[in-house]
Amino acid sequence: MKEEKAWYENDSWWQTMAPILFPAARWKNTAAEVSRLLQLTGLKPGATVLDLCCGEGRHSLELARHGFHVTGVDRTSCFLAKGTELAAAEGLEVEFVRYDMRHFCREKSFDAVINMFTSFGYFENQEDDYRVASNTYRSLKPGGIFLLDLMGKEILARIFRERDWLRIDDTIILEERKLSRNWGWIDAHWTLLKGSERHEVIVSHRLYSATELVLLLQTSGFTTVDIYGSLDGSPYDHAAARLVALARV
Ligand SMILES: C[S@@+](CC[C@H](N)C(=O)[O-])C[C@H]1O[C@@H](n2cnc3c(N)ncnc32)[C@H](O)[C@@H]1O
């Protein structure tokens, strides 16, 4: 019997979800995100940055506009093709590489690695999350930083709803959510309605609390890990919007 691919290994999953994940409003917000990211990290133009799980290159392109040397890594070819096309149209130099985040490693090559918009925690076996973190550690130069931006477990506990209807551009979406494995995972079932088209997709990923993420990063070699509640550097408290970790080699 043919084994089913995991959702994140399925190109058609990403193709179906692209308009929902990367609508115009999210692209528009990217410049503000990058400016907060630069303030939080203190990164200066000219530095080498790896955008791990870069998608269509929202952050890669914006960082290149600021004068950073950017490598964007992602598994999904159509996203990399779009990033490459957008970079060419603007005359920006970004190296886009098709690679699985579990295996990408370039020893001591980057001043910073970023992993944005909940692009971590997808793998069934948690050893793979550890592998990503330790490969990232090895890819960083001495003094390098790793910035992760996730939906934190504590935030989800505060805002959790079993279902929501939403509209993104011309698509109406029903998102139904369940928690599983003792709050270890979130399993979501999305129904997308666009004109006469109907798609159903499933997404399931591991949830990290701040302390679980700190433990993973420290175990993977990082010496210090600071946690924030948003890219603006606010505390990770009852009002946090995101789980942002800034880990240092
Ligand atoms: C939620 S999207 C975020 C994209 C981008 N960081 C952004 O903020 O626009 C997650 C990305 O992870 C990529 N991805 C999923 N599994 C991956 C893997 N095993 N290796 C590399 N990239 C992966 C997907 O193709 C997708 O582009």
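Here the structure is a predicted model, which is why all the values come from computation and not from measurement. For this chain, numbers begin at 1 and follow the sequence in order. Read the numbers this way: they start at 1 and go in the same order the structure lists the ligands and their atoms.
Between Tyr137 and Phe222, a ring centre-to-centre spacing shorter than 6.0 Å is recorded.
Judged as a side chain to side chain contact (heavy atoms under 4.5 Å, CB included), and not counting sequence neighbours, the contacts of Asn125 are Glu127, Asp128. Contacts of Ala240 classified as side chain to side chain contact (heavy atoms under 4.5 Å, CB included), with partners at least two apart in sequence or in another chain: Ile155, Tyr236. Glu162 pairs by the side chain to side chain contact (heavy atoms under 4.5 Å, CB included) definition with Phe160, not counting sequence neighbours.
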Could you go through Ser139 and Arg106, starting from their C-alpha distance and side-chain angles, then the distance that decides it, and tell me whether this counts as side-chain hydrogen bond (donor to acceptor under 3.5 Å, both in side chains)?
CA-CA 5 Å; Ser139 296; Arg106 268 187 202 167; over 6 Å; no

Which pairs of N or O atoms, one from ligand 1 and one from the protein, are separated by less than 3.5 Å, and what is the distance for each pair?
{"from": "ligand 1", "atom 1": "6 (N)", "to": "Cys53", "atom 2": "O", "distance (Å)": "2.7"}
{"from": "ligand 1", "atom 1": "6 (N)", "to": "Met116", "atom 2": "O", "distance (Å)": "3.1"}
{"from": "ligand 1", "atom 1": "8 (O)", "to": "Arg58", "atom 2": "NH2", "distance (Å)": "2.7"}
{"from": "ligand 1", "atom 1": "9 (O)", "to": "Arg58", "atom 2": "NE", "distance (Å)": "2.8"}
{"from": "ligand 1", "atom 1": "9 (O)", "to": "Arg58", "atom 2": "NH2", "distance (Å)": "3.3"}
{"from": "ligand 1", "atom 1": "19 (N)", "to": "Asp100", "atom 2": "OD1", "distance (Å)": "3.3"}
{"from": "ligand 1", "atom 1": "20 (N)", "to": "Met101", "atom 2": "N", "distance (Å)": "2.8"}
{"from": "ligand 1", "atom 1": "22 (N)", "to": "Arg75", "atom 2": "N", "distance (Å)": "3.3"}
{"from": "ligand 1", "atom 1": "25 (O)", "to": "Asp74", "atom 2": "OD1", "distance (Å)": "2.5"}
{"from": "ligand 1", "atom 1": "25 (O)", "to": "Thr76", "atom 2": "OG1", "distance (Å)": "2.5"}
{"from": "ligand 1", "atom 1": "27 (O)", "to": "Asp74", "atom 2": "OD1", "distance (Å)": "3.4"}
{"from": "ligand 1", "atom 1": "27 (O)", "to": "Asp74", "atom 2": "OD2", "distance (Å)": "2.7"}

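Judged by distance alone, the side chains of Tyr99 and Asp74 never bring a donor and an acceptor atom under 3.5 Å apart.
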